[in-house]
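In what follows, a single structure is set out as C-alpha cells and then discussed.
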Amino acid sequence: MADRESEVVAKLASGVSGLNQAAWDRIVGNDPFLSHAFLAALEISGSVGKGTGWTPATLLVEDSESHLISAAPAYLKTHSQGEYVFDHAWADAFERAGGSYFPKLQVCVPFTPVPGPRLLGKQPQHLLAAVEAVAVQNEISSAHITFIDDAGAAECERRGWLIREGVQYHWFNRGYADFDAFLGALTSRKRKAIRKEREAASQGVEIRALRGAEIGPAEWDAMWRFYQDTGSRKWGHPYLTRRFFDLIAERMGDALLLFLALRDDEPIAGALNLVGSDTLYGRYWGTTEEAPFLHFELCYYQAIEWAIANGLDSVQAGAQGEHKLARGYEPVITRSAHFIVDPGFRHAIERFLEEERRAVAAEVEWLKRALPYKSSSA
C-alpha cells in the first residue's frame, strides 16, 4: 500500500527486522520496547509471525528521498490474545451480527502493556491516514492502537478515533534518598506492613540484582523456567519463545535488569525488568517455589529500591493489580484508540466507551483516596 500526500509516501513493511536499525532507532528515542532490538527479537524468535496470529505489518512514512520520517509497529491479528486491552465482547457482537472481526490491525508492542508513543516520528496524521487506508482498502473491520501516550491519543481524537481508558498502577519517585525515605512518606500501618513483608520474603533467600552482561546463561535458563511457569498458568502457553530471551540478551545489554532470588545458591524466582531513560519497567516474573511475599519483594520493592538508587523517576510493574496500591503504586489512566469502519458498530462501541470512561474516572478517584501516603496530595 502506498499513498502520496504532501510529498511523502506511506508504506507497509513485513516487519522491523528487515529495516535499517539506525534509521528506526533514530525516530524511536529511548523507549526500550520500541527499539529495533526488541521488536526484531520478537520477529526473529518466532514470538510473532507465522502460526502466532501476529503478522508484522509495520507502517512507514518516508519523504521523497526514501528517508524514514515516521513509523508505527503494526500487526494483522487473527485473535485478541496478548493485548491487555480486552475487546472479546466487541468481536463476539460483530460476529453475531454477521461480520468478520478478524483480521484486525493492531498498532502496539506485542505482549507489552506499557504506555508510550505509538505514532513514531514527525508525521502522526500521515500515519493515522495510512492505518485507516489499510483498514478500508482491505475490508478490515477495525484498527486499534493500544497503550498510546497522551500526545498520540490527542492526534487520534483529531481524526475522530474512539478513545478507551483503563487503569494501571505506577510508582513515582518524589526525590526519595533511599527506600526508608519512601517508607517515611507512608502511613505508619502501611509502613509496618511493608517491612514485615520484606522480612518474611528474605527468610533463607538471597536476592541479587544482575544487569546486562552480569546475567549469564544459567540465569537466563532459570528466568526461562520462571517465565514458562507463569505463562502456562496465566495464558495456557507462554507467548515468548526461548530464543527471544537469547536475542535480547545479545542485543539489549544494560537495558536488562534481573532480580533473582536464590535459596541455597539455587534460583527459585526471578523478575526481569527493562531500564528506560527515566523509568524501570517490570515485565516477566515467575517462581518454582511458593514463598511468602516473594512476588512483592522481587517485582515491587526491589524495583522501587533500585529506581531510587539509580535516580529513575518511576516504576511501571505491569498491567492491573489493585494489590499494588497498598505498596505505594498509584492509579494512572492508560489509553487506547480505535478506528471502527462500520458506522453502526462504531456508534455502539462509542456509547459503551462513554459509560466505561465514567466508570474508570470514578474508580480512579476512589483508588486515590485509598493511597497509603500520609498526605492526600501524594
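Heavy-atom basis, side chains included; hydrogens, waters and symmetry copies ignored. Sequence positions, counted from 1, serve as the residue numbers for this chain. Everything numeric here is computed off the predicted structure, so don't read it as measured data.
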When every non-hydrogen atom of Leu34 is compared with those of Leu39, the smallest separation belongs to O-CD1, 3.5 Å
With Ser47, which residues qualify under side-chain contact (heavy atoms from CB on, under 4.5 Å), at least two apart? Leu42, Ser45, Phe111, Leu240, Thr241, Phe244
To the closest 0.5 Å, what do you measure between CG (Leu120) and CZ (Arg26)? 13.0 Å
Residues Arg174, Glu330: salt bridge by 4.0 Å N-O rule: yes
Would Arg251 and Asp246 count as a salt bridge (charged side-chain N to carboxylate O under 4.0 Å, His left out) if you check the C-alpha gap in whole Å, the side-chain angles of each, and the deciding distance to 0.1 Å? CA-CA 9 Å; Arg251 300 176 179 206; Asp246 290 336; over 6 Å; no
Before accepting this row, confirm whether a basic side-chain N of the pair Arg346/Asp342 lies closer than 4.0 Å to the acidic partner's carboxylate O. no
List the atom of Cys299, the atom of Tyr329, and the distance in Å for their closest heavy-atom pair. O-OH, 4.0 Å
Polar side chain donor-acceptor pair, Gln168 to His170, under 3.5 angstrom: yes
What about the rings of His323 and Tyr300, do their centers lie closer together than 6.0 Å? yes
Can you list the steps and then say if Glu155 with Arg158 is a salt bridge (charged side-chain N to carboxylate O under 4.0 Å, His left out)? CA-CA 5 Å; Glu155 294 288 349; Arg158 285 177 56 193; 3.0 Å; yes
Modelled atom types, side-chain donor and acceptor of Trp171 and Gln316, under 3.5 Å: no
Ring-face cation contact, Phe293 with Arg198, 6.0 Å cut, 45° max: no
Would you say the ring centroid of Tyr84 lies under 6.0 angstrom from that of Phe147? no
Please name the pair of heavy atoms, one in Ile163 and one in Arg357, separated by the smallest distance, quoted to 0.1 Å. O-NH1, 2.5 Å
Using only heavy-atom distances, determine whether the side chains of Ser17 and Glu43 contain a donor-acceptor pair under 3.5 Å. yes
Test side chain to side chain contact (heavy atoms under 4.5 Å, CB included) applied to Gln106 and Val85, Ile145, Thr146, Thr55, the passing residue: Thr146
What pairs of residues pass the salt bridge (charged side-chain N to carboxylate O under 4.0 Å, His left out) test when at least one of them lies in residues 92-116, not counting sequence neighbours? Glu83-Lys104, Asp87-Lys104
What closest approach, in Å, do Leu127 and Ala72 show between heavy atoms, and which atom pair accounts for it? CD2-N, 4.0 Å
One thing to verify: whether Asp150 and Arg335 come together as a salt bridge, which I'm taking to mean a side-chain N less than 4.0 angstrom from a carboxylate O. yes
Full working for side chain to side chain donor-acceptor pair (under 3.5 Å) between Tyr101 and His79: CA-CA 9 Å; Tyr101 192 73; His79 55 68; over 6 Å; no
Taking only Lys NZ, Arg NE, NH1 and NH2, and the carboxylate oxygens of Asp or Glu, determine whether Arg242 and Asp221 approach each other closer than 4.0 Å. yes
What's the verdict on side chain to side chain donor-acceptor pair (under 3.5 Å) for Tyr301 and Glu197, showing C-alpha distance, side-chain angles and the deciding distance? CA-CA 10 Å; Tyr301 303 141; Glu197 288 182 359; 2.5 Å; yes
One pair to check against side chain to side chain donor-acceptor pair (under 3.5 Å): Glu132 and Trp161. What are the steps and the verdict? CA-CA 10 Å; Glu132 294 167 9; Trp161 286 48; 2.8 Å; yes
Donor-acceptor side-chain pairing of Trp224 and Gln228 below 3.5 angstrom: yes
Can you tell whether the side chains of Glu289 and Arg263 come within less than 4.0 Å, N to carboxylate O? yes
Should we count CG of Asn30 as having more than 12 external heavy atoms under 6.0 Å? no
Could Arg208 and Asp265 be called an ion pair, given the rule that one side-chain N must be under 4.0 Å from one carboxylate O? yes
